[in-house]
Each structure stands twice: as C-alpha cells, then as structure tokens.
Protein chains: 2
Amino acid sequence: MKNHAPGADGRLQDDLLTLDNQVCFALYALNRAVTGRYRPLLAELDLTYPQYLVMLVMWEADGRGETPRVSEIGERLRLDSGTLTPLLRRLEQRGLITRRRSPEDERVVTVALAEAGAELHDRARKVPERLLCELGMDAAEAGQLRDDLRALLNRLEEST
Amino acid sequence: MKNHAPGADGRLQDDLLTLDNQVCFALYALNRAVTGRYRPLLAELDLTYPQYLVMLVMWEADGRGETPRVSEIGERLRLDSGTLTPLLRRLEQRGLITRRRSPEDERVVTVALAEAGAELHDRARKVPERLLCELGMDAAEAGQLRDDLRALLNRLEEST
DNA sequence: AGCAATTATATTGTGCACAATATTTTATCA
DNA sequence: TGATAAAATATTGTGCACAATATAATTGCT
C-alpha cells in the first residue's frame, strides 16, 4: 500500500508532516491574526494593510523629499507591479498619492505623496502604539521578535 | 499644520511609524518569502500552499478515521467558508477529497480523503525536510521559531 | 404545533499576491 | 543606423482572505 516501511523513517516523516509541527503554518496563522488586529485600526483611516505599508514607504520618502518609483516601492515591500499598480491606482483615486511618468525616462512612473496623504500621516501616528497594545506586547518584546524575523528574512533573501 | 508639537512626542511616534520598525512587516514579508520557498515544492504536487494545509488536515484526519466538517477544517486553519468552499471544490474536482451533506444534519458538509488524496500523501512526505533545507534551518531552530510564533498566536487568540 | 433564533455552509464582492504576458521605452552593438 | 535585447510598468488570469449576505436546516420556546 505504501512505499515506505511502516516503521522508523516513514513515521518520522509523518510527524514532520503534521499541521502543528509546521513552522510555516504558525507563521501563516500568526500573520493573519496580526493583520486582523490591524484591520479595525486601519479601517479608521480607510486603509487596507498593504495600503498602509505603501503609505509608510511614502511618508518616509516624503520626509526625505523623495518621489520613489513604483519599482522602488516594490523592492521595499517585496511586491511586484501586478500587485502595486492597482493598489497605487486606488490610493491615487482617493487623492493620497499622485503618479506621473518620468519625463527623463518614459518607462518610469514616480509616486509622490499628495496633500491628503500627508494629512493622513497625522492620523496614523498612534497606530503602532495602539497595535502593540492590541497584541499585548511591549516595545522590547516586539523589537526582539522583529529582529528574529528580519534575520531569517535576510538569510532567505541572501541565499539562492 | 499639525496637532503635535514638533518635538518630543511626535518624533518618538514617527520612529515607530517606520517600515523597518514594524514587527508586522517583518512577519508579512517573511511569511511571503517562506511561502515562496514552498511554491516549487508544492507545484510538483500541483497544490497551492493553502491547499497543502488543507491536505495536511485531511491526511491527519484520515489517519484517525475521521471525516471532518468544513467548519472543523476552518477552525484548524482559521479560515472561513468563504475561503474554504471554493478551495475544497477545487480539491474535489481533482479527486483528492470528497464532500457530502451529512444525512443526520443536512446543514453539515463532511469532507473525506479520496483515493488520489491518499496517494498524494506518499509524494508529500519529503516536503517538510526539503523545505527546512530550502530555508537553511535545522529542525531545532525551526522548532524554536515555531514555538515562539505559536505562543504569540495563542496569546492573541485567548485575548479579546 | 408553530415561530423565532441559531447554526452550517454557500454566495457575492473587494482587494491583495503572483505568474505570465504585453506594451512602451531605452540601451546596446554589429 | 537599425535590429535586438533589456528595462519598467501594465494587463490578464487564477487563487486566496475576508466581510457581508443568503439559504437552508435545526433547535428552542411557548
């Protein structure tokens, strides 16, 4: 019935092949749980979670006087144009950002923070603090977890 | 222009409101990176990542002679019928599972592992090991991370 | 028995993710 | 110069997630 002997090897692999033993499921479930905690906070700003991440990038860029390309936002967030193009279109329709083709290189679209987007920054300031409270974590604990996750992310991105 | 004094409090909150300081972004990015590492492995089985998770539940259930309800799969994976119904339909169309209305309670749909689904189990056995290799982690490191993530998930799910 | 509330699943609609491909523009080089 | 390759974004199509709602069946109450 099976290719494996019922004993040693097969059983070990079956234990690995269990939902509760998957790192990835813990990651997947926690990510959705955390996103769910954001949702009501971001709903006050009328933003989805990925839109919020884009706005974080835009607020930072604007603070440095920059107007990043679509591809630069994508590198930052690890998202491609298939995801970003419609998302940015929605943010533009709401007047939070503007998009324009670069005159020097017509292939490039640069994204700039618009007036309403800058105003939204003020209203977003309390989100991180409120979220930590939602998560029941203090800043130190969150920082530690963030660093652990980042370290693994870096390792993954550096390897083939 | 702003409600905040430009100094102390505002600046502290701005630091928190930075992409690289977000726990959530690290979680979000890592989750997608890990899922990306699964993709080629699961493509060999012609499964998406959520489909693989459902199959994990089904293989476990089948090992105990159980045919779980849609709602039980949902509780396990923290997914609702809006996600599961079409996903299960696709798995059924491929002959990996069967769905039938319970005769005792016509509201309930029970899901059972089909022949092809059981056969797929054999081919899936090496996935966890190969993934750890992909991630460059050993079992101990993965186990530690899994427990950390689970602990936080449990805390979140126990709190309001 | 009969009606309201509850339960289980399905449906609809929106917004990501991501692969594959298309389009337009720029760079390269024979 | 003129074909060709490369680059940047957009489009299309599939499959999740999840909110809101619908449908149908069961339970509880009077």
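The sequence lines fix the lettering, A, B, ..., with proteins before strands; numbering per chain opens at 1. Nothing here was measured: the structure is a model prediction, and the numbers come from that model.
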query: Which nucleotide in the list D:dA25, D:dA8, C:dA17 gets nearest to the side chain of A:R69?
result: D:dA8
message: If you assign each of A:V70 and B:E106 to its closest nucleotide in DNA chain D, which residue comes earlier from the 5' end?
response: A:V70
task: Give the nucleotide from the list D:dC16, C:dA17, C:dT11 with an atom nearest to the side chain of B:R89.
output: C:dT11
task: Would you indicate whether B:R100, at its atom CZ, is surrounded by more than 12 heavy atoms from other residues, nucleotides or ligands within a distance under 6.0 Å?
output: no
message: For a quick test of reading the model, state the closest non-hydrogen atom pair linking B:T85 to B:R99 and the distance between them.
response: O-NH1, 3.8 Å
query: Are OP1 or OP2 of C:dA17 and a side-chain N or O of B:R32 less than 4.0 angstrom apart?
result: no
Please list, for nucleotides 2-4 of chain C, all pairs of protein and nucleotide N/O atoms separated by less than 3.5 Å.
none

- prompt: Mind checking whether B:M58 and B:P68 have side chains closer than 4.5 Å, heavy atoms only?
  reply: yes
field: N/O (side chain, B:R101) to phosphate O (OP1/OP2, D:dT23) under 4.0 Å
entry: no
field: Spacing of B:L87 atom CG relative to C:dT9 atom P, expressed in whole Å
entry: 15 Å
field: Nearest-nucleotide comparison on DNA chain C, the residue closer to the 5′ end among B:T35 and B:P86
entry: B:P86
- prompt: Got A:V127 and A:L45 here, is their nearest side-chain heavy-atom distance under 4.5 Å?
  reply: yes
- prompt: Could a donor-acceptor pair under 3.5 angstrom be found where the side chain of A:R107 meets the base of C:dT24?
  reply: no
side-chain N/O A:Y28 vs D:dA17 OP1/OP2, d < 4.0 Å: yes
- request: With DNA chain D as reference, determine whether A:D105 or A:R39 sits nearer its 5' end, using the nearest nucleotide of each.
  value: A:D105
Pairing of B:R155 and A:E141 as salt bridge, 4.0 angstrom limit: yes
message: If you only use heavy atoms from C-beta on, which nucleotide in C:dT11, D:dG15, C:dA17 is closest to the side chain of B:S81?
response: C:dT11
- request: Please check the phosphate of C:dC16 (OP1 and OP2 only) for any side-chain N or O of A:R90 closer than 4.0 Å.
  value: yes
- prompt: Side chain of B:T48: nearest nucleotide among C:dT9, D:dT9, D:dG15?
  reply: D:dG15
message: Taking only side-chain N and O atoms of A:Q51, does any of them lie within less than 4.0 angstrom of OP1 or OP2 on C:dC16?
response: yes
message: Counting the atoms with a prime plus P, OP1 and OP2 as sugar-phosphate, which does B:S71 contact under 4.0 Å by heavy atoms, base, sugar-phosphate, or nothing?
response: sugar-phosphate
- prompt: Over how many whole Å does the gap from A:E72 atom CD to D:dA8 atom P extend?
  reply: 10 Å
- request: For A:D80 and C:dG15, give me the distance from atom CG to atom C1', rounded to whole Å.
  value: 15 Å
message: From CG of B:L79 over to C1' of C:dA8, roughly how many Å is that when rounded to an integer?
response: 16 Å
field: Residue pair A:E157 / A:R78, side-chain heavy-atom distance below 4.5 Å
entry: yes
Please output the side-chain donor-acceptor pairs of residues 145-153 of chain A that fall under 3.5 Å, not counting sequence neighbours, one pair per line with the distance.
| residue | atom | partner | partner atom | Å |
| --- | --- | --- | --- | --- |
| A:R146 | NH1 | B:N21 | O | 3.4 |
| A:D148 | OD1 | A:Q144 | NE2 | 3.0 |
| A:R150 | NH2 | B:D20 | OD1 | 3.0 |

- request: Start with the C-alpha gap between B:K126 and B:E44, add the side-chain angles, then the distance that decides, and say whether salt bridge (charged side-chain N to carboxylate O under 4.0 Å, His left out) holds.
  value: CA-CA 12 Å; B:K126 288 196 163 51; B:E44 295 178 14; over 6 Å; no
task: Could you please name the option among C:dA10, C:dC16, D:dA10 that lies closest to any side-chain atom of A:V109?
output: D:dA10
query: Hey, does A:T83 reach any base, or is it just sugar-phosphate, or nothing, if we go heavy atoms under 4.0 Å?
result: base
